[in-house]
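First the structure, in the form of structure tokens, and then the observations on it.
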Number of protein chains: 2
Amino acid sequence: MSKKQLIMDKALELFAKQGFEATSVQQITDYCDISKGAFYLSFKSKDELIIALIDHFMEAITSDIDYIVKTTKNEELLYSFYYMNFQFLHKHSDFAKVFIKEQTHSLNEDLLVKMRYYNALIDNTILLMIERLFGEKVTDTKYDLMYCIKSFMGMYSELFFFNSTTLDLDLDLLAHSLVEKTNLLAKHISIPFVTKELFQVSSQTLNLEMKREQLLDLLEQKINEMDEPIIKESLILIKQQLLHQNLSPAIVSGLLENIQKHPHCKWISYLLRNYFHM
Amino acid sequence: MSKKQLIMDKALELFAKQGFEATSVQQITDYCDISKGAFYLSFKSKDELIIALIDHFMEAITSDIDYIVKTTKNEELLYSFYYMNFQFLHKHSDFAKVFIKEQTHSLNEDLLVKMRYYNALIDNTILLMIERLFGEKVTDTKYDLMYCIKSFMGMYSELFFFNSTTLDLDLDLLAHSLVEKTNLLAKHISIPFVTKELFQVSSQTLNLEMKREQLLDLLEQKINEMDEPIIKESLILIKQQLLHQNLSPAIVSGLLENIQKHPHCKWISYLLRNYFHM
DNA sequence: TATACTAATGACTAAACGGTCATCTGTCAA
DNA sequence: TTGACAGATGACCGTTTAGTCATTAGTATA
């Protein structure tokens, strides 16, 4: 494990326990058994560390949600969506704690902008899911529905983080329960509150599209980072495709499937799916 | 305005903008145009200030909700409940911001216990409302419903605090929209997730009952604090009632109505309603 | 073994914090 | 005019913080 990864892991533990501001760099380095100076070889500042953490997990959850929505068949989609989300929060409960604690803290204007950005990405994916599942029946209520779904997801954190921590929740039942509620609302809502206009005001127009050059840079970086031959070759081939468009859609799709599996390639995979409109 | 009130008002503004930990006592006193020493004449510590703020607003909202639930007729209850809540959050948006920011921060074990306490009080009142509205039809789903209602209320904060702040929301429409959703869920839910057992684990048994002596102390304090003759006399008569039980229920009820109206008597009014089981 | 270079160290600095207290100020009655 | 006293002040204290940098330890090469 790289030093950077070690610091991120250990710091996340401490942040979850004590909060970001209440945790000193000294504490982190003590907990990692490294010196204070070593910390500043990996991160320029304490702020850069929390931004790296938030980026890391938000990239993971954002691309996971997008992948589920784009690959699961309709009958199971809503269930998979809820289940995957709760599983993620459960698996990365330290991150979830930090996220809930610090999400509204204006540590940094950059961080706030970043949060809004990820939020908008997830909003769009949820909307995509609603449209696929309910089609034109929810034209007037889909924004409202989207907020309901997000409200329901908040229910889990309420239950999980306010209460006895070791409580083992039945995530399968929770997901089924929320699927029922969501379907009920989708079928019957007649008085939506969140309209298209309100949604567009709140989610500022953000440019989802990435420039090809940025993608190429990111690909190059990942190619050097990865060891597994299949992943590495997939990345190289995708880079070729970006440069020369010489591959068939089926092949590109398969290559994206390959890299999607690697935890450190989920984000680039997400960006590429959007770039290729898949 | 008393110095204590001035500090609370100004500090709330700063806390809403920057967060509690990020706001120094020096900043607060500068913003109040008073000296640092003067701050410590009103509050023993910075912690005491935030506790005072949270107590002040949580007492207000808790007793407001209880009052609405206990005095509104069924047909309008759900609407009034939502509307009043959003109105409160809207009116005291600075507090709402601080509350959202700091609710999970373990500034202090005392504060956490306090938050859980107010949370449990509100949970109980919402449950009371559900039982009154839907009766035995929701025996198995009422805890689940309660969490849905709380989720829906979270929707407002999401909309209001993440987005352009000056956005004027149609609270009437919002309340109507949530009434429809709540009724839908109450009528149709068949797969509840939050059961009685789960609820009881999360909301530790808390003793709502206050000792008569505590109530008498609080009454005495309020009697000295109040100027308005009607309020003052009402308080004095209630004190008599606590000591000698010489008044009829109708009179006691009327006296509680009198003091309920005063912002600084809402909490004692709430405590008395519970004491007299009204 | 000698040299060269990177990785790592922890004492150090300057700033900021919550909280204290000797001092001062304005306002009374005598 | 004096004295007394509550209310207010801000310099000051001890502590803690993020971040720096001269120095050292470890390792690979010649």
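Proteins get letters first, then strands, A, B, ... in listed order; numbering begins at 1 in each. Every value quoted in this text rests on a predicted model; they were computed, and no experiment measured them.
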- [ ] From the options D:dT9, D:dT17, C:dG10, select the nucleotide whose nearest atom is closest to the side chain of A:Ser24.
- [x] D:dT17
Whole angstrom value for the distance that separates [atom2] of [N] from [atom1] of [X]:
X	N	atom1	atom2	value
A:Ile50	D:dA18	CD1	P	12 Å
B:Glu48	C:dG19	CD	P	10 Å
B:Leu14	C:dC17	CG	P	12 Å
B:Asp30	C:dC17	CG	P	11 Å
B:Asp33	D:dG10	CG	P	11 Å
A:Lys3	C:dT6	NZ	P	17 Å
B:Ile28	C:dC17	CD1	P	11 Å
A:Gln18	D:dT17	CD	C1'	14 Å

Open item on the list: Less than 3.5 Å apart, any donor N or O on the side chain of A:Tyr270 or A:Asp64 sitting next to an acceptor on the other?
Closed with: no
- [ ] Taking all non-hydrogen atoms of both residues into account, name the closest pair between B:Ala16 and B:Val98 and its distance.
- [x] N-CG2, 3.4 Å
Any carboxylate oxygen within less than 4.0 angstrom of a Lys/Arg side-chain nitrogen, looking at [X] and [Y]?
X	Y	value
A:Lys17	A:Asp94	no
A:Glu59	A:Lys266	no
A:Lys232	A:Asp227	no

TODO: Give one of base, sugar-phosphate or nothing for B:Thr23, where a contact means two heavy atoms less than 4.0 Å apart.
DONE: sugar-phosphate
Task: A:Leu41 vs B:Gln27, nearer the 5' end of DNA chain C by closest nucleotide - done: A:Leu41
Output a table of nitrogen or oxygen pairs between the protein and nucleotides 19-26 of chain D separated by less than 3.5 Å.
from, atom 1, to, atom 2, distance (Å)
D:dG19, OP2, A:Tyr40, OH, 3.2
D:dG19, OP2, A:Lys46, N, 3.0
D:dG19, N7, A:Lys36, NZ, 3.0
D:dG19, O6, A:Lys36, NZ, 2.6

Open item on the list: Any side-chain to backbone donor/acceptor pair from B:Asn224 onto B:Glu220? Under 3.5 Å, distance only.
Closed with: yes
TODO: May I ask you to establish whether B:Lys46 and B:Phe20 are in a cation-pi arrangement, using a distance under 6.0 Å from NZ or CZ to the six-membered ring centre and at most 45° from the ring axis?
DONE: yes
